[in-house]
There are 4 protein chains.
Amino acid sequence: MRSYRRVDGRKTRGDRRKQEIVEATLRVIEREGVAGVSHRSVAREAGVPPASITYHFPALDDLLVATLVTAAAEMAARTGDVIESSRIKGSGPAGAVAEMLADALGPSRGRTAALHELYLLAARRPALRPAARLWIDVLTSLGRQPDEVGFRAFLAAIDGMLTQGLIDDEPPTAAELLPVVEHLLAPLR
Amino acid sequence: MRSYRRVDGRKTRGDRRKQEIVEATLRVIEREGVAGVSHRSVAREAGVPPASITYHFPALDDLLVATLVTAAAEMAARTGDVIESSRIKGSGPAGAVAEMLADALGPSRGRTAALHELYLLAARRPALRPAARLWIDVLTSLGRQPDEVGFRAFLAAIDGMLTQGLIDDEPPTAAELLPVVEHLLAPLR
Amino acid sequence: MRSYRRVDGRKTRGDRRKQEIVEATLRVIEREGVAGVSHRSVAREAGVPPASITYHFPALDDLLVATLVTAAAEMAARTGDVIESSRIKGSGPAGAVAEMLADALGPSRGRTAALHELYLLAARRPALRPAARLWIDVLTSLGRQPDEVGFRAFLAAIDGMLTQGLIDDEPPTAAELLPVVEHLLAPLR
Amino acid sequence: MRSYRRVDGRKTRGDRRKQEIVEATLRVIEREGVAGVSHRSVAREAGVPPASITYHFPALDDLLVATLVTAAAEMAARTGDVIESSRIKGSGPAGAVAEMLADALGPSRGRTAALHELYLLAARRPALRPAARLWIDVLTSLGRQPDEVGFRAFLAAIDGMLTQGLIDDEPPTAAELLPVVEHLLAPLR
DNA sequence: AATGAATGAGCATTCATTCAT
DNA sequence: TATGAATGAATGCTCATTCAT
C-alpha cells in the first residue's frame with residue numbers, strides 16, 4: 001500500500017482532477033442553481049467523462065459538501081480582502097461590512113448565490129450541515145461578541161440582507177447599505 | 001367558449017380539484033422540498049392521475065405559482081391569528097412578533113420551510129416573483145414605516161432569523177427570540 | 001373515470017402490449033437467463049422503447065412475476081397436453097410422467113430452463129413466492145396424495161431430475177427416465 | 001519466471017490473499033446471491049482494492065470457479081462430520097442423511113444456498129461445469145450403487161429436497177425429513 | 001507484485017410532456 | 001372534461017476492465 005501523494009506536498013493527479021470538478025460544480029450552480037447539478041451537467045462543464053465524477057465523489061452529496069467547503073473558503077478569503085482594503089481606506093467597520101455586502105451582491109453575486117443555495121440546502125440535507133457551519137463562521141467572524149443580543153440581531157440582518165439582495169433584480173450599492181449597517185452596529189460600540 | 005365558474009361564487013368541480021392538487025403540492029414540498037415536486041409525485045400525493053396535473057396546470061411553474069399564493073395566504077392568516085392572540089395576552093408588538101417567529105419555526109415549521117423554499121425559488125424563476133411579493137407583504141405588514149432605516153434592518157433580521165431558524169436542528173422558543181426582537185423594535189418607538 | 005377495457009372482453013391496447021413484453025421477457029430468459037433481464041434487453045427484444053417497460057411494469061420484479069405466472073400457465077398447458085396424448089397411447093401414468101419430463105428437458109428445454117430459473121429466484125425474492133407456488137401446483141397436480149411420504153419423495157425427485165437434466169449436456173430420453181419414474185410411482189399404487 | 005510457491009508447502013502472501021478473496025465472495029453470495037458478485041462488491045467485503053481482484057482472478061469466472069471449489073470442499077467436510085456424528089449416535093444411514101439435509105437447510109442454510117446457486121450457474125457457464133461436478137460427487141458419495149435405478153431416484157430426490165427446502169420459508173427438521181429419506185433408501189437395502 | 005485512476009457501457013428508474021380517446 | 005398510454009431524455013449510480021505507476 002503505497003501512497004501517491006507527493007512528499008513535497010504537490011498534489012497527485014487525482015487531487016487535481018477533484019479540484020477541477022469542484023470548480024466546474026461551482027460554475028454550474030452559479031449558472032443554473034443547485035437544482036442544475038447532476039453528474040452529467042458537471043462532467044460536461046468540467047470536460048471529463050461522467051464516470052469520473054462518481055469515481056472521485058461516490059455520492060452526489062459528497063460533491064456538494066466539497067463544493068460548499070471550497071466556496072465558503074473562497075468567500076472567506078474575498079471577505080477578508082474587502083474588509084482589509086476598506087480598513088486601508090479608513091471607512092471604519094460599518095463601511096467595511098457595507099462594502100463586503102455590496103461586493104457579495106454585486107461583483108461576486110454569482111458566487112454568493114451559489115454559496116447561499118448550498119448553505120440553505122443544509123436545511124434539507126444533514127450531510128451538508130457541518131460544511132454549512134463554515135459559512136456561518138465567516139459571518140460570525142465579522143463581529144466579536146457572539147452572545148450579545150445586538151450581535152445576534154446584526155448577524156440575522158446580514159443574512160436577511162443577503163437573501164433579499166439576491167432576490168431583488170438590482171444589486172444594492174454600498175452607499176445604500178451603509179446606513180442600515182451603521183444602525184445595526186451602533187449599539188455594539 | 002363558456003365559463004364553468006358559477007355566478008353565485010361556488011366552485012366548480014374543476015376548481016375543487018385544482019385546490020386539492022395545490023394542497024397535495026404543499027405536502028410534497030413540506031416532506032421533500034421543492035426539488036421533490038413533479039407531476040408524478042404530486043399526482044401520487046393527491047391520488048389523481050398524472051395527466052390531471054398537466055391538464056389543470058399546463059406547466060409545472062403554474063402549479064408552483066398557485067402553491068406559493070396559497071401558502072402565503074395561509075401563512076398570512078396564521079400570522080394574523082398569532083399576533084391577534086398575543087395582543088389579547090397583552091404582550092406588546094415585540095412579543096407578538098417573537099411568538100409569530102416561534103410559531104413559524106416550531107408548530108408551522110413544515111409550512112414555513114415550504115413557503116421559504118418557494119420564496120427563494122423566485123430568485124431563479126421570474127414567473128414566481130409576483131407571487132413571492134405576497135409573502136414579502138406579509139412581513140412588511142408587521143411594521144408601518146417602510147422607509148426608515150431601522151425598519152429595513154428589522155425586516156432583514158426577521159428574514160435572517162427565519163433562515164437561520166430553519167437550518168438549526170432545534171426550533172427556538174419565543175422567550176429566546178424576544179430580546180432580539182425587542183432590540184430591533186426599540187429604535188422604532 | 002372510464003375504463004378502456006372493452007365490454008366484449010377483447011383486450012385494450014395496453015393489455016396487448018403487456019403481453020408482448022412478457023413474451024419478450026421469456027425469450028430473453030431462454031437465451032441469457034434471468035441475469036440477462038433488464039429494461040433495455042427486454043425492450044430491445046420486444047421492439048418497444050425502454051420506458052414502455054417501466055410504464056407497464058413499474059418495477060422489474062413486477063415483470064418477473066408476470067412472466068413467471070405466464071410461463072407456469074404455459075407449462076401447465078403443455079404438461080396437460082403431453083400427459084393426455086400419452087394416455088391415448090396407453091402408456092400409463094409412469095409413461096406419461098416420463099414423457100412429460102423428456103419433453104420438458106428436450107423440445108421445451110428453453111422454456112423449462114427459464115421457468116426453473118424464475119422458480120429458483122423466489123428463494124431470494126419474496127415477491128416471486130406466490131407466483132412460484134403456481135409452478136409447484138403444476139407438479140403437485142401430477143399426483144393425488146400430497147400428504148403421503150411416497151408422494152413427497154416422488155415430488156422431490158421430479159424436481160431433482162429437472163435440475164440435473166438441465167445441467168447435463170444431453171437431454172435424457174423418455175426411455176431412460178421411465179424406470180426411475182416407475183420406481184418412484186410403484187409404492188403409490 | 002520464478003515461482004513464489006514455497007517448496008515447504010507454506011502459502012505465499014499472494015495465496016493467502018486469494019483465499020481471503022474467495023471467502024469474501026462466499027459471504028457476498030450468502031448475503032446477496034450470485035447476482036451480487038462483482039469486483040467491487042467482493043473487494044468491499046474483503047477490504048481490498050478492486051484492482052486486486054482482477055489481479056488475482058483475471059476474469060470474474062475464475063473467481064466463481066475458485067469459490068465453487070472451496071464451497072464444495074467445505075460442504076463435503078461438513079457433510080462428513082454430520083454423518084460421522086450421526087453414526088456415533090447410531091441413527092443409521094437414513095438418519096445420517098436426514099440430519100445432513102436438516103443441517104444444510106438449517107444452520108448451514110446460507111452456505112447451502114450459495115453452493116446451490118453456483119452449482120446451478122454451471123448450467124449457463126460451461127467454465128463452472130468441472131467445479132460443479134465436485135458437489136455432485138459429494139452427493140454421490142452418500143450412496144454406493146450409482147447405476148441402480150433406486151439410487152438414481154434417491155439422488156434426484158436429495159437434490160429436489162434441497163431445492164424445495166431452500167424455497168420454503170421455514171427449514172424442515174430432521175424428523176420431518178427422516179420418513180422420506182427412509183422411504184427412498186428402503187429399496188436399496 | 002500491487003493498486004490508484006480512469007472510463008465507456010450499462011443499469012433501474014423518474015421525468016415533463018404529448019396525444020388519442 | 002379528463003385520462004390511459006406512450007416515449008425521448010435525463011437521472012444517480014455500478015460495472016468490468018485497462019493501464020500507468
Side-chain angles (χ1 to χ4, degrees), chain A residues 1-5 12-18 35-44 48-63, chain B residues 2 4 12-14 17 35-44 48-61 63, chain C residues 1-5 12-18 35-44 48-63, chain D residues 2 4 12-15 17-18 35-44 48-61 63:
Chain A
M1 183 107 76
R2 78 184 185 79
S3 166
Y4 281 88
R5 169 151 287 105
T12 63
R13 193 150 44 102
D15 283 338
R16 247 177 291 124
R17 177 159 274 200
K18 273 175 104 141
V37 173
S38 74
H39 285 126
R40 286 159 166 78
S41 64
V42 171
R44 220 178 295 127
V48 302
S52 179
I53 312 290
T54 341
Y55 177 74
H56 290 286
F57 301 93
L60 211 49
D61 266 10
D62 298 327
L63 174 57
Chain B
R2 74 186 186 81
Y4 281 87
T12 63
R13 197 145 43 94
R17 173 156 279 197
V37 173
S38 73
H39 286 129
R40 295 173 136 66
S41 63
V42 171
R44 220 178 295 126
V48 303
S52 177
I53 310 291
T54 332
Y55 178 71
H56 291 287
F57 301 92
L60 213 44
D61 268 6
L63 175 56
Chain C
M1 181 109 76
R2 77 185 185 80
S3 166
Y4 281 88
R5 168 151 287 107
T12 63
R13 193 150 43 103
D15 282 337
R16 246 176 292 126
R17 176 159 276 198
K18 274 174 102 142
V37 173
S38 76
H39 285 127
R40 286 159 165 77
S41 64
V42 171
R44 221 178 295 127
V48 302
S52 180
I53 312 290
T54 341
Y55 176 73
H56 290 286
F57 301 93
L60 212 49
D61 265 10
D62 299 326
L63 174 56
Chain D
R2 76 188 184 79
Y4 281 88
T12 63
R13 196 145 44 93
D15 283 336
R17 172 157 280 198
K18 276 175 99 145
V37 173
S38 74
H39 286 128
R40 296 174 135 66
S41 63
V42 171
R44 221 178 294 125
V48 304
S52 176
I53 311 290
T54 331
Y55 178 72
H56 290 288
F57 301 92
L60 254 194
D61 268 6
L63 175 55

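One interatomic measurement links the two molecules: CD1 of Ile53(D) to C1' of dT14(F), which rounds to 16 Å at whole-angstrom precision. To the nearest angstrom, P of dA16(F) lies 16 Å from OH of Tyr55(A). What separates NE2 of His56(B) from C1' of dT1(F) is a distance of 8 Å, to the nearest Å. For the pair Phe57(A) CZ and dA6(E) C1', the interatomic distance rounds to 15 Å; values are reported in whole Å.
For DNA chain E, if you chain together Watson-Crick or G-U pairs that step i with j, i+1 with j-1 and so on, the runs of at least three with distances under 3.5 Å are E:2-21 with F:2-21.
Here the closest heavy-atom approach between residue Gly36(D) and residue Ser41(D) is recorded as O-OG, 2.8 Å.
For the pair Arg17(C) and Ala59(A), both in contact range of DNA chain F, the more 5′-proximal nearest nucleotide belongs to Arg17(C).
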With a 3.5 Å cut-off and sequence neighbours excluded, list the donor-acceptor pairs that the side chains of residues 53-60 of chain C form with protein atoms.
none

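Between dT3(F) and Ser52(B), a contact under 4.0 Å exists linking OP1 or OP2 to a side-chain N or O.
Not counting sequence neighbours, Asp62(A) has no partner by the side-chain hydrogen bond (donor to acceptor under 3.5 Å, both in side chains) test. Remark: Pro49(C) engages Arg17(C), Ser52(C) in a side chain to side chain contact (heavy atoms under 4.5 Å, CB included) (not counting sequence neighbours).
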N/O contacts under 3.5 Å, protein versus nucleotides 8-11 of chain F?
from	atom 1	to	atom 2	distance (Å)
dT11(F)	OP1	Ser38(A)	OG	3.1

